[in-house]
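Okay, structure first, notes after.
In each ligand, atom 1 is the first atom listed, and ligand 1 is the first ligand listed. Keep in mind the model is a prediction, meaning the values are calculated, not measured. Reckoned from all heavy atoms, side chains included, excluding hydrogens, waters and symmetry mates.
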Amino acid sequence: MYTLPDLPYAYNALEPYIDEMTMHIHHDKHHATYVKNLNDILAGQDMVSALPVETLISDLSRVSEAIRIKVKNNAGGHANHSMFWRVMGVPTGTPRQARGDLRTAINATFGSFEQFQEKFSSLAVSHFGSGWVWLVVDHGKLIITDTSNQDSPVTHDQVPLVTIDVWEHAYYLKYQNMRAEYIKAWWNVVNWAYAEKHLSQAR
Ligand code: MN
């Protein structure tokens, strides 16, 4: 059985960048539905549904072909949103930036933190349709990548450090069609401590 994790902060904690109503609908409705669907699909398969969701999506061949796409979509939706809540944090009033080894790796890979942000934002703005944009560790190297729908980098042997949800449900109430404004605001709530911790675990 999978369970919906509580947000690690209040629903209004990310204001004014991410609004309270969006957080309620996104967490309590969208994320909750992925969890419910996943449990329904795996009903009776106790060995599989006992696996951590990241383990489940790391090797989808564990489940039968008949349900594999549904498991991929809903387990991916559960895993991606669970990470998304944790990769955000209460805004500090000053721009949030990566520190330490992650900062060094970002500078070495992308030239500077600002160049990294530009490249990431540009992919997030241009990603076609529903999906996610990621900073991941791929074979020891940092790369920016995107996935469609609820596909996860974990399925592709990558370790995700940062992610933004670019499904319309993530921003439409506050930003309507202005995805670029949502992305610009989102940088104010990135929890770099999450990414720093996962970089050290990936190495
Ligand atoms: Mn979402």
Side-chain angles (χ1 to χ4, degrees), residues 2-42 52-54 56-58 60 69-91 96 120-136 144-156 158-192 194-195 198:
Y2 295 94
T3 53
L4 179 67
D6 289 336
L7 290 180
Y9 35 70
Y11 286 92
N12 65 358
L14 308 183
E15 293 268 11
Y17 306 105
I18 312 287
D19 62 290
E20 182 175 0
M21 179 68 86
T22 295
M23 292 300 288
H24 266 292
I25 294 173
H26 201 172
H27 176 270
D28 305 353
K29 307 290 184 191
H30 289 277
H31 188 174
T33 299
Y34 291 117
V35 174
K36 183 187 182 303
N37 288 346
L38 182 59
N39 286 327
D40 288 349
I41 295 158
L42 293 177
V53 70
E54 292 79 14
L56 177 60
I57 58 176
S58 70
L60 289 161
I69 298 290
K70 284 183 180 169
V71 170
K72 177 188 159 100
N73 288 341
N74 290 287
H78 177 32
N80 293 346
H81 287 94
S82 296
M83 174 177 168
F84 186 54
W85 312 132
R86 305 203 74 82
V87 89
M88 296 191 291
V90 180
R96 298 179 67 137
F120 187 101
S121 294
S122 159
L123 186 58
V125 169
S126 62
H127 176 86
F128 185 78
S130 296
W132 300 75
V133 173
W134 311 81
L135 175 68
V136 303
I144 295 168
T145 188
D146 57 346
T147 61
S148 287
N149 301 320
Q150 296 299 355
D151 189 22
S152 165
V154 173
T155 308
H156 309 289
Q158 297 168 327
V159 179
L161 304 181
V162 173
T163 190
I164 184 169
D165 188 342
V166 296
W167 284 60
E168 284 185 344
H169 68 230
Y171 61 87
Y172 211 85
L173 279 181
K174 183 175 173 76
Y175 296 99
Q176 293 83 47
N177 61 322
M178 296 174 290
R179 189 193 283 186
E181 294 300 308
Y182 156 65
I183 295 159
K184 197 173 148 196
W186 172 82
W187 288 111
N188 290 286
V189 297
V190 176
N191 174 16
W192 288 101
Y194 177 98
H198 286 79

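Rounding to 10°, one obtains 130° for the angle at the Mn ion (ligand 1) between NE2 (His81) and NE2 (His169).
Within the 6.0 Å centre-distance limit, the rings of Trp132 and Phe84 are counted as a close aromatic pair.
Restricting Asp165 to its N/O/S atoms, the shortest distance to the Mn ion (ligand 1) is reached by OD2. Distances from the Mn ion (ligand 1) to the N/O/S atoms of His26 are shortest for NE2.
In this structure, a donor-acceptor pair under 3.5 Å is absent between the side chains of Asn37 and His78.
Between Asp165 and the choices His26, Gln150, His30, the side-chain hydrogen bond (donor to acceptor under 3.5 Å, both in side chains) rule is met once, by His26.
Trp187 and Trp192 have parallel rings, their planes meeting at less than 30° on a 0 to 90° scale where 60° marks the start of perpendicular.
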